[in-house]
Number of protein chains: 2
Amino acid sequence: MGVSAPTVAYPKLADFMCFAIYSTNLAYGRAYRPILEELGVTYTQWIAIVALWEEDNQTVGSLGEKLFLESNTLTPILKKLETLGFLRRGRDPKDERQVIISLTDAGRALREKGAQRTLVKASGLNQDEFRALQRSITTLRDNLVRHATNDNENSL
Amino acid sequence: MGVSAPTVAYPKLADFMCFAIYSTNLAYGRAYRPILEELGVTYTQWIAIVALWEEDNQTVGSLGEKLFLESNTLTPILKKLETLGFLRRGRDPKDERQVIISLTDAGRALREKGAQRTLVKASGLNQDEFRALQRSITTLRDNLVRHATNDNENSL
DNA sequence: TCCGATTAAATCGTATACGATTTATGTGAA
DNA sequence: TTCACATAAATCGTATACGATTTAATCGGA
């Protein structure tokens, strides 16, 4: 009885979806590192550039929604990218609470430089598998976000 | 020519597999937080406990292989878990370079307490979809690891 | 046996994440 | 008009990740 050797069949680490995601995220970080090193930015800095290329002159909040990050994480990253010369930060004159982020020429050039570099081949999947997998993961993410937003009313 | 508005059709953030994984990892962290708060540990601390339950008395290196982490990340986490009373750390008398990690009774009790809590329902997937997705992600991860290990010989 | 190479963990510096709080600004109803 | 409330960023403290280095122990060939 009680605590002793693993006699009960608890799920193993390899059975956890969260661990599959977690470890794949680590693997992506490592696979991307050499590419990003060439560009001179980190992973999070890079996705911020990509999101700004898609839509420039966003507020910190709007950018955060797209990156699933809040100002406490984003602000230091944006400040860093500003000192690196890739973007500008300025208060919105219409609403001084908000900060508008805009890419500089250097930031746009960086986006173009990095555009060619992706890791599709490293995934070992064909295009159909790749797309299907991506859709499934996105669905999973959106379900999790919805779950968390609902203040997870005990439905685990 | 050159840098200007996004006239070229570069892939969007939503098209990046790495971003799907990255954002899902953030979502999992948030979804699990309330559960882990009850247990009094963080996510990484928890997966260390799970891995040790599966195989107790592992070295830091062996544990790191399973968690995809190295000693620079793992050591502080294990020290923290030691001060929390969930495990013990001790040098291997056979090879003083190695540190053996063993769960305490409190650590095993924690594993049992947390065993009931998973987020399968929150994923919004049925059991077959869930398993298939997990297998695909794991394959992706292993391919990425292999790619990185091969010192990524320019095959992006 | 002895000493250079190897190995395992730990240490250090930098960059995320994030809960909680703070600061600055805007808004609306009394 | 004004003041309590709301909102947007920023700040702060804690906990990961990880490259690079350091420390300590082991190994192996001359």
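In what follows, chains carry the letters A, B, and so on, assigned in the order in which the sequence lines appear, proteins first and then strands, with residues in each chain numbered from 1. The figures that follow rest on heavy atoms only: side chains count, while hydrogens, waters and symmetry mates do not.
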Among residues at least two apart in sequence or on other chains, which ones pass side chain to side chain contact (heavy atoms under 4.5 Å, CB included) with [X]?
X        : answer
A:Glu129 : A:Leu125, A:Asn126
B:Asn57  : B:Ile100, B:Ser102
A:Ser136 : B:Leu133
A:Thr139 : A:Asn143

DNA chain D: 5'-most and 3'-most nucleotides touching chain B, 4.0 angstrom heavy-atom criterion: D:dA15 to D:dT26
What pairs of residues pass the side chain to side chain donor-acceptor pair (under 3.5 Å) test when at least one of them lies in residues 85-95 of chain A, not counting sequence neighbours? A:Glu82-A:Arg89, A:Asp95-A:Arg97
Quick one: which residue pairs count as a side chain to side chain donor-acceptor pair (under 3.5 Å) with a foot in residues 14-23 of chain A, not counting sequence neighbours? A:Ser23-B:Arg141
With a 4.5 Å heavy-atom cut-off, do A:Ile47 and A:Tyr43 have their side chains touching? yes
Below 4.5 Å, heavy atoms only, C-beta onward: do B:Leu67 and B:Thr73 meet side chain to side chain?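 Sidechains of B:Thr73 and B:Leu67: no contact.
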If you assign each of B:Asn25 and A:Ile100 to its closest nucleotide in DNA chain D, which residue comes earlier from the 5' end? A:Ile100
Please figure out whether A:Gln98 or A:Arg33 has its closest DNA chain D nucleotide nearer the 5' end.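 Looking at DNA chain D, the more 5' nearest nucleotide goes with A:Gln98.
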Any donor and acceptor pair, going by atom type alone, linking the side chain of A:Thr104 with main-chain N or O of A:Phe86 inside 3.5 Å? yes
Strictly distance-based, threshold 3.5 Å: is any side-chain N or O of A:Gln134 a donor or acceptor partner for the main-chain N or O of B:Ala14?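 The answer is yes, because a donor-acceptor pair under 3.5 Å joins these two groups.
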Please work out which residues in residues 60-68 of chain A have a non-hydrogen atom less than 4.0 Å from an atom of DNA chain C and list them by number.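 Of all residues in residues 60-68 of chain A, none places a heavy atom under 4.0 Å from DNA chain C.
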Residues touching DNA chain C, which here means a heavy atom under 4.0 Å, drawn from residues 73-93 of chain A: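 Output list: A:Thr73, A:Ile77, A:Lys80.
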So what does A:Asp95 hit on the nucleic acid, given a heavy-atom distance under 4.0 Å: a base, only sugar-phosphate, or nothing?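 Sugar-phosphate contact only.
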Assign B:Gln45 to base, sugar-phosphate, or nothing according to its heavy-atom contacts below 4.0 angstrom with the strands shown. sugar-phosphate
So which pairs with a foot in residues 23-50 of chain B pass salt bridge (charged side-chain N to carboxylate O under 4.0 Å, His left out), sequence neighbours left out? B:Glu38-B:Arg117
Pairs meeting criterion salt bridge (charged side-chain N to carboxylate O under 4.0 Å, His left out) with involvement of residues 65-75 of chain B, two or more places apart: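 Listed once each, the pairs are B:Glu55-B:Lys66.
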Between B:Phe130 and B:Ser123, what is the shortest heavy-atom contact and its length?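 Smallest heavy-atom distance, with atoms named: CD1-OG, 3.5 Å.
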Polar-atom pairs under 3.5 Å, protein N or O versus N or O of nucleotides 2-7 of chain C: list them with distances, or write none.
from, atom 1, to, atom 2, distance (Å)
C:dT7, O2, B:Arg97, NH1, 3.2

